[in-house]
Peer 1: 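Got a structure here, written out as C-alpha cells. Questions coming.
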Amino acid sequence: MKPELAALMTAALEQLLSEGALAALPDAPPQIDYPKDPTHGDFSCNVAMVLAKQARLSPRDLAAKLIEAVPDNSLIDRINIAGPGFINFFINPRHHTAVIRQIITAGPDFGRCNTGQGRKVQVEFVSANPTGPLHVGHGRGAAIGDSLGRLLAATGWVVQREFYYNDAGQQIQNLALSVQARAQGKDPSHADWPKDGYQGTYIQDVATAYLANETVEAADREISAKGDVADLEAIREFAVACLRREQDQDLKAFAVVFDKYFLESSLYDSGAVEETVSTLAQAGHTFEEEGALWLKTTTFGDDKDRVMRKREGGYTYFVPDVAYHHDKWQRGFERVINEQGADHHSTITRVRAGLHGLNAGIPEGWPEYVLHQMVTVMREGAEVKLSKRAGSYVTLRDLIDWVGRDATRYFLVARAPSSQLTFDVDLALARSNENPVYYIQYAHARAVSVLRKAEDVADAAAATEGLEHLDCLMEPEALALTISLGRFPEVVAGAAERLEPHDVANYLRQAAADFHSFYNAHNILEAEPDTMRARLALITAAKQVIASGLDLLGVSAPESM
RNA sequence: GCGGAAUUAGCUCAGCUGGAUAGAGCGUCGGUCUACGAAACCGAAGGUCGCAGGUUCGACUCCUGCAUUCCGCGCCA
C-alpha cells in the first residue's frame, strides 16, 4: 500500500509543480511511514516538512495544498494534517482486508519476491575447523547464516550454502598428536602431553574409535581407522573424519544443511595458492623482508603489511583465504556473504586487499560480511563456561539438549548479529509468555486448532467463503492483525536487503501478539455465519504468515503443542 | 596505543534509509477462564536513550570529542 500512497503523493507534487507552487520535485519518492500512534492514521508522509523551505510555505500550509492536489481515489478515507506538518492517511478499511485474499491465494509464496532474479549468491558460514565440537558461537553462525540463506532464497536469489574448513594445518597436527597421545594412554596431565594439545574428553572417544578400527562417515568423507598408533597421518585423517561427523550430526540436529564443503587443502593441491602468490608478486604487491614474503596490504587500507610466506616456509592463513575467495569469484557468485564471528574481523581487510591486488575485476565490498558478536550462556543465574565434553566451552549440542532445536535457533537468530548475546537457558525453557518461541508457536497451534474445530460447525470451504465477507472484519483487533499480516512482504524484503534475520523474529512476535489479542477479543466459531467465515479466513491467513515467518528462521510451526 | 563492535526501563533486548508522547518480553502490582487451547488476554507502575558539544523544521538515529564494556591487533586459523 505504501507504493500506492507514494504514487498519489507524487501526483500531488507534480500538480503543485505545474502550478508553480514548487520549484522542483524531491530526488526520492515521498516517504511513507507507519505512525506509531494509531490516532495518526494508517500511514503518514513527511514530504511537506522536507519541501517547506523551497516552497516558501510553512509545512502545514504546504501540506494543505498537497492534500488539495491528491487525485481522487478509493483507497483513502480521509487525510489530515497533524503536528508540525505530517500528512496522515486514513485508509478505507476495505483495502486493508484485501490482503487476506492475497495471502490465502498465494499460500507459502506470500511474502516472497524476486529481487534476486535468479542470480547466484553464496552464503559461507560456520566454517569450523574439525578440531572439536561446535560451540555456541558456531551455533549463532549456523542460525544466522542459514536464516540468511532462507531469506535470500525467499527474495529470488539462488543460494548456495558453503562450509570451508582447514584439514591440514598446524591445528590439525595438534589434533592428531592429541589423539595419538590418548591412544597411547596419556591424558593432559601427562608430562609428554603435546604442547597446545586438545584436552576435551572427545579426544579420548576418537582415540578409542581409532584403536577399534571403526569406520566413520561424515557429510563429505568416509574413512576407516587403521588402529596403528604410530601412523600419525592415518590418525590425522581419522580424527578429522570423526570430528566432521560429529559436527554434521550437530548441524543435522540443528536443521542446517550445506550444499558444499570446501577443503583448504584443495587450494594447495590445485595450485591455486601458488598461483595467487605469483599473481600478487607479478602485480608488484609483494616484497621480501626478514626472510619472509609480505603483501603490501597498506596499499589497500590496512594499518600494516602482512606476512604471506613465513620465514620457515609455508603460507599464513589469509593466503589460501584469498585464493579461496578468488575461486568463489570464478565460480560466478555475484554476491558472496561470509557469516563469521566478529573476532575474525581483521581478516576482512586482508582478504579484500588480496583480491583487489589480483586485478581480477572483483568489485570493492565483495565479499560481504556479516559478523556476529560473542555469546555467553546463563543458567540458573550464573554464566556457564564449561562443557565436560568439550573441555573449555559450551557446545551447540549442549544447548540443543537443554532447550531443544526451535528455542536454540530462535534465541540465536533473534538478536542483531552486532549485539553481544546472552543466552538465558532458563528463559528458553520456559513454557509461557516469557518465551517468545512458544508464544509464536502457540499462536500457530491455536490457529490450527480453531480451523480444525471449524470443520465440525462449518463446511471445509468456510475460510474461502469468508473472503466474500471480509467487510465483517471491522473490529480494531481484526484490523490490527490484518495490517500486521500485510506488512510481512516488506519485512522479508527488508531483512534480506539488510542481512538482518532478527527483523523477522521481531515481526513474528508482533504478529503473534496481534493474533492472540484478536483471538481473545472475539469468538470465532460462535459468531454469525458470515462473520465466522470471515474470521476463519483471517485466521487462515495468520496461520500462513506465521508458518512462513518461522520457516525463514528454521523454526518449526507445530500443529499442536 | 591502533582498529572493530557496543552503551536505550530493575533484567534481556527492539527501534527500518533522522519524524509526532522512545517500544516489547521478563520481573513488580491489579484484573479476565462452568474453556473456539489461560502456553493466552486487558490494565498499571517503571526512561535525562553513557556524557558533552555540533548539524536542522525535527536527533535514540548523522558528525566530533570523552567515558565505560567486549573483541581483535601472531611469521595461529
Side-chain angles (χ1 to χ4, degrees), chain A residues 28 31 33-37 40 44 46 49-50 52-53 58-59 82-86 88 127 129 131 165-166 169-172 174 196 264 290-294 302-304 306-318 320-321 341-349 371 373-374 376 378 414-424 427 430-436 438-439 441-443 445-446 448-454 456-457 477 490-491 494-495 497-498 500 502-503 505-506 509-510 512-513 515-527 532 535 539 560-561:
Chain A
Q31 185 176 322
D33 293 307
Y34 297 104
K36 287 175 203 157
D37 184 339
H40 292 142
S44 72
N46 64 359
M49 291 180 289
V50 175
K53 194 171 270 183
S58 81
F86 288 101
N88 291 337
S127 293
N129 281 341
T131 54
Y165 69 92
N166 175 3
Q170 184 58 45
Q171 298 194 17
I172 300 300
N174 292 341
D196 301 325
E264 182 181 336
E290 298 171 13
L293 182 69
W294 298 66
D302 206 351
D303 56 342
K304 54 185 169 186
R306 306 290 171 176
V307 169
M308 297 175 71
R309 189 172 56 229
K310 306 176 224 173
R311 196 182 310 133
E312 288 82 20
Y315 295 106
T316 55
Y317 75 93
F318 84 90
D321 237 22
D343 52 342
H344 288 91
H345 73 82
S346 61
T347 74
I348 296 173
T349 312
L371 302 180
Q373 295 286 334
M374 288 190 64
T376 51
M378 299 288 287
R415 305 300 189 202
S418 61
S419 289
Q420 291 175 42
L421 176 68
T422 301
F423 192 111
D424 186 332
L427 178 62
R431 306 273 163 139
S432 71
N433 207 348
E434 332 169 24
N435 191 332
Y438 288 102
Y439 183 79
Q441 289 184 323
Y442 181 47
R446 260 183 152 179
V448 171
S449 177
V450 180
L451 292 169
R452 198 184 295 129
K453 281 242 165 69
D456 298 336
V457 296
E477 293 86 356
E490 73 183 66
V491 169
E497 163 80 26
R498 292 189 298 275
E500 293 189 334
H502 71 283
D503 288 352
N506 290 329
R509 183 196 256 283
Q510 183 59 52
F515 173 85
H516 287 308
S517 289
F518 170 72
Y519 184 92
N520 274 60
H522 303 288
N523 191 294
I524 295 155
L525 299 180
E526 289 172 13
M532 177 193 76
R535 289 177 180 171
I539 296 294
S560 66
M561 299 170 67

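The chains referred to below are lettered A, B, ... by the order of the sequence lines, with proteins before strands, and numbering in each begins at 1.
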Peer 1: Does the base of B:rG19 carry an N or O that pairs as donor and acceptor with the side chain of A:N46 under 3.5 Å?
Peer 2: yes

Peer 1: So, is A:T422 close to the B:rC13 phosphate, meaning a side-chain N or O under 4.0 Å from OP1 or OP2?
Peer 2: yes

Peer 1: Of all the nucleotides listed (B:rA20, B:rG3, B:rA77), which has the minimum atom distance to the side chain of A:F86?
Peer 2: B:rA20

Peer 1: Using the test side chain to side chain donor-acceptor pair (under 3.5 Å), find all partners of A:R498 that sit at least two apart in sequence or belong to another chain.
Peer 2: A:D503

Peer 1: Looking at B:rC36, B:rC57, B:rA20, which one has an atom nearest to any side-chain atom of A:K53?
Peer 2: B:rC57

Peer 1: Report the nucleotide, chosen from B:rC57, B:rG37, B:rA20, that has the shortest atom-to-atom distance to any side-chain atom of A:Y519.
Peer 2: B:rG37

Peer 1: Using the closest heavy atom to pick a nucleotide of RNA chain B for each, name whichever of A:V307 or A:V450 lands nearer the 5' end.
Peer 2: A:V450

Peer 1: From the set B:rA20, B:rA77, B:rG3, return the single nucleotide nearest to any side-chain atom of A:N129.
Peer 2: B:rA77

Peer 1: Using purine N1 to pyrimidine N3 plus N6-O4 or O6-N4 for Watson-Crick, or N1-O2 and O6-N3 for G-U wobble, each under 3.5 Å, what pairs with B:rU48?
Peer 2: none

Peer 1: Taking the C1' atom in each of B:rG1 and B:rC60, what is the distance between them to the nearest angstrom?
Peer 2: 31 Å

Peer 1: Taking any heavy-atom pair under 4.0 Å as a contact, classify A:V50: base, sugar-phosphate, or nothing.
Peer 2: base

Peer 1: Just N and O in the side chain of A:R446: are any of them under 4.0 Å from OP1 or OP2 of B:rA38?
Peer 2: yes

Peer 1: The side chain of A:S418 lies closest to which of these nucleotides: B:rG37, B:rA20, B:rA5?
Peer 2: B:rA5

Peer 1: Applying a 4.0 Å non-hydrogen cut-off, can you work out what A:T349 is touching in the nucleic acid: base, sugar-phosphate, or nothing?
Peer 2: nothing

Peer 1: Taking 4.0 Å as the cut-off, does a side-chain nitrogen or oxygen of A:S419 come that near to OP1 or OP2 on B:rA14?
Peer 2: yes

Peer 1: Using the P atom as the reference point in each nucleotide, state the distance between B:rG30 and B:rA67 in Å, no decimals.
Peer 2: 46 Å

Peer 1: From the options B:rC76, B:rC57, B:rG4, select the nucleotide whose nearest atom is closest to the side chain of A:H345.
Peer 2: B:rG4

Peer 1: Can you tell me the base-pairing partner of B:rC26? Count Watson-Crick or G-U wobble geometry only, both distances below 3.5 Å, and say none if there is no partner.
Peer 2: B:rG10

Peer 1: Out of B:rG19, B:rA14, B:rA20, which nucleotide sits closest to the side chain of A:R415?
Peer 2: B:rA14

Peer 1: Any base atoms under 4.0 Å from A:A445, or only sugar-phosphate, or nothing? Heavy atoms, all strands.
Peer 2: base

Peer 1: Checking all strands, does A:Q170 fall into the base, sugar-phosphate, or nothing category for heavy-atom contacts under 4.0 angstrom?
Peer 2: nothing

Peer 1: Does A:Y442 make a side-chain donor-acceptor contact with the base of B:rA39, cut-off 3.5 Å?
Peer 2: no

Peer 1: Is A:Y439 near enough to B:rA40 that one of its side-chain N or O atoms lies under 4.0 angstrom from OP1 or OP2?
Peer 2: no

Peer 1: By nearest atom, which of the nucleotides B:rG3, B:rC75, B:rA14 is closest to the A:H502 side chain?
Peer 2: B:rA14

Peer 1: How do A:S517 and A:A342 order along RNA chain B: which one's closest nucleotide is nearer the 5' end?
Peer 2: A:S517

